[in-house]
Amino acid sequence: MKQIEALKNKNLWKRLGIVLFWLLVWQGMQLAVANSILLAGPVQVARYLGSHILKVDFWQVVWLSVMRVGMGFLLAFFTGILLGAVSFRFPFLKELLAPIIGIFKSIPVASFVVLLLIWFGSKKLSFCCSFLVAFPNVYESILTGLAQLDGKRREMMEVYQVSFLKKVMYLYIPAVFPYLINSCKTCLGMSMKSGVAAEVIGTPEFSIGERIYMAKISLDTPGVLGWTAVVIAVSFFLEKGFLWLLTRAGSKKWFLKGKRRAYDNSRQEENAVLSIENVSKRYGDDTVLSDFCLQCRQGEIYCLMGMSGIGKTTLLKILAGVEAFDQGRISLWKGGTAMVFQESRLIDTLSAVENVMVTAGKSSGVTREQAGRELNRLLPKESLEKPVSQLSGGMRRRVEIVRAVMAGGSLLLFDEPFNGLDEENKEKTMAYIREKRKGKTIIISTHSREECRQLHGILVDL
């Protein structure tokens with residue numbers, strides 16, 4: 001830690017040294033020119049700002065300009081997010097908006113500033129200009145991020161019937177957030193600069209642009225450079241402040257509390273029965289399932305056996321509702337479905353407890369404390385609040401098993417759930433599943449008849 005801190009301090013002093021070097025070069029050039037109208041030096045600019053910074057009207061000017069530009073940017077930010085999300089959902093709207101977005105991106109600022117001045121007047125000019133500069137960037141960042149959605153995570157959330165708010169928090173926001181951050185880094189500064197440029201043209205009262213324009217016509221070069229420095233400083237602090245708030249909002253875990261009532265496995269639906277009748281599934285010319293039938297009773301464990309590629313995973317995905325079948329009929333009376341997929345479907349940035357809370361159904365009434373107690377039966381206590389990205393493969397597997405058990409569904413689907421577990425943890429996990437079978441129908445794909453025997457399961461050959 002000390003080495004990291006020392007390196008940070010070294011880099012800070014290095015950056016300060018570079019800034020000081022260019023300030024000295026600037027001051028040297030001013031001394032060589034010896035004409036403050038042609039070039040004012042940093043000392044003259046500092047004197048100008050020092051003589052104005054304590055005046056009330058200076059801060060009034062800064063505040064009003066920031067408000068106009070900031071409101072335009074915020075409107076662009078939220079409008080871009082909304083229209084980007086809707087356009088992703090309805091591609092026709094994306095096609096409809098494409099020409100408008102292209103126009104906003106290609107027309108020079110100076111061209112539409114004149115039109116905006118005619119249409120809206122000088123007071124609303126910087127507001128409109130900052131909106132038009134920021135909107136296309138935010139809109140396209142949302143579309144780009146949503147196109148990168150984690151398909152496996154989305155599939156998991158569909159199986160668990162995760163609420164829309166949790167999907168927003170743990171599926172959509174992680175997908176769009178990096179792109180949104182990058183677009184804001186670009187368009188925040190652009191909005192401020194274009195907004196002030198619009199004020200220079202429209203010269204509304206009490207604006208930075210008006211002060212730059214008045215300094216220009218009076219040949220007050222220190223004033224022009226002084227107000228330019230204000231624009232740079234305001235842009236810097238606006239960008240850092242907004243990105244800090246955005247990062248804080250994006251990292252906050254909003255929907256993890258759960259309902260405060262007792263968790264009781266026995267109150268699951270008592271007559272949940274699964275009926276699979278003549279289900280077939282083909283991929284092109286390959287038939288994976290052909291007229292498969294199975295009647296499952298409540299409280300039983302069914303072990304699917306068969307060679308790799310025979311259709312065990314396909315059948316489980318069909319039962320979970322994430323894979324379509326070609327013919328046949330599937331009926332499930334009462335209750336939802338939970339699934340442990342063959343590969344990990346955890347949210348790596350969340351802890352084991354938080355992963356359970358994300359998928360805990362409303363009917364389960366699971367609290368954080370109860371989730372922690374259940375997890376602690378299969379995992380060490382010190383691992384429960386760590387991000388699951390720091391856990392071993394076997395520990396992550398056990399988190400997924402507990403998550404499925406506590407999700408509140410009456411049908412549990414486990415796709416080779418014991419992969420990566422040593423014998424001791426496998427036996428402990430099997431005992432946990434046997435205990436939790438009450439009120440549920442459990443279907444497990446496995447390659448081991450011994451696992452089926454230990455689970456007290458019913459063998460189903462595919």
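Just the heavy atoms: all of them, side chains too, but no hydrogens, waters or symmetry mates, feed the values below. For reference, positions follow the sequence shown, starting with 1.
- In this structure, His447 and Glu416 have side chains that are in contact, with non-hydrogen atoms separated by less than 4.5 Å.
- Smallest separation of non-hydrogen atoms from Ser218 and Ala215: OG-O, 3.2 Å.
- The backbone N or O of Glu155 lies less than 3.5 Å from no partner atom in the side chain of Glu158, so there is not a single donor-acceptor pair.
- Of the possible donor and acceptor atoms, one in the side chain of Asn182 sits under 3.5 Å from a partner among the backbone N and O of Pro178.
- Minimum heavy-atom separation, Val388 to Ile347: CG2-O, 3.4 Å.
- By the 4.5 Å heavy-atom criterion applied to side chains, Tyr283 and Val288 are counted as neighbours.
- Looking only at distances, a side-chain donor or acceptor of Asp326 sits under 3.5 Å from a matching main-chain atom of Arg282.
- No donor-acceptor pair under 3.5 Å is formed between the side chain of Lys317 and the backbone N or O of Glu323.
- Dense packing is recorded around CE of Met190, with more than 12 heavy atoms of other residues, nucleotides or ligands lying under 6.0 Å away.
- For the pair Lys167 and Tyr170, the cation does not sit on the ring face, since its NZ or CZ is not both under 6.0 Å from the ring centre and inside 45° of the axis.
- Crowding of Glu382 atom CD: a count of heavy atoms from other residues, nucleotides or ligands under 6.0 Å exceeding 12.
- Between the side chains of Tyr139 and Thr79, no donor N or O sits under 3.5 Å from an acceptor N or O.
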Checklist entry - When you look at Tyr432 and Glu374, which way does the side chain to side chain donor-acceptor pair (under 3.5 Å) test go after all the steps? => result CA-CA 10 Å; Tyr432 180 78; Glu374 290 291 309; 2.7 Å; yes

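- Counting only N and O atoms by type, the side chains of Ser65 and Glu199 include a donor and acceptor under 3.5 Å apart.
- Between the side chain of Asn376 and the main chain of Gly372, no donor-acceptor pair closer than 3.5 Å is present.
- For Thr144 (side chain) and Ser141 (main-chain N/O), no donor-acceptor pair under 3.5 Å exists by modelled atom type.
- A cation-pi contact links Arg403 to Tyr160, judged by a cut-off of 6.0 Å to the six-membered ring centre and 45° from its axis.
- For the pairing with Val230, the side chain to side chain contact (heavy atoms under 4.5 Å, CB included) check across Leu225, Ile212, Val62 returns one residue only, Val62.
- At least one donor-acceptor pair closer than 3.5 Å links the side chain of Ser130 to the backbone N or O of Val69.
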Checklist entry - Between Asp415 and Ser445, is a side chain to side chain donor-acceptor pair (under 3.5 Å) present by the stated rule, with each step listed? => result CA-CA 5 Å; Asp415 196 355; Ser445 73; 2.7 Å; yes

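- The shortest distance between side-chain heavy atoms of Arg398 and Val402 does not fall below 4.5 Å.
- With hydrogens and angles ignored, the 3.5 Å screen pairs no side-chain donor or acceptor of Lys105 with any backbone N or O of Val133.
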Next on the checklist: The test is salt bridge (Lys or Arg N to Asp or Glu O under 4.0 Å); show your working for Asp57 and Arg211 and say whether it passes.
Outcome noted: CA-CA 11 Å; Asp57 67 332; Arg211 296 305 168 95; 3.7 Å; yes

Item to check | salt bridge (Lys or Arg N to Asp or Glu O under 4.0 Å) assessment of Arg396 paired with Asp348 | outcome: CA-CA 10 Å; Arg396 290 165 64 92; Asp348 286 342; 3.0 Å; yes

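- The environment of Arg377 atom CZ is dense: over 12 non-hydrogen atoms of other residues, nucleotides or ligands sit within 6.0 angstrom.
- Here the closest heavy-atom approach between residue Phe135 and residue Ile101 is recorded as CE2-CD1, 3.3 Å.
- Taking the six-membered ring for Trp and the full ring otherwise, Trp227 and Phe58 have centroids separated by under 6.0 Å.
- By the neighbour-count criterion of 12 heavy atoms within 6.0 Å, atom CZ of Phe242 is densely surrounded, having more than that number from other residues, nucleotides or ligands.
- Under the 3.5 Å distance criterion, with hydrogens and angles disregarded, no donor-acceptor pair is assigned to the side chains of Thr203 and Glu210.
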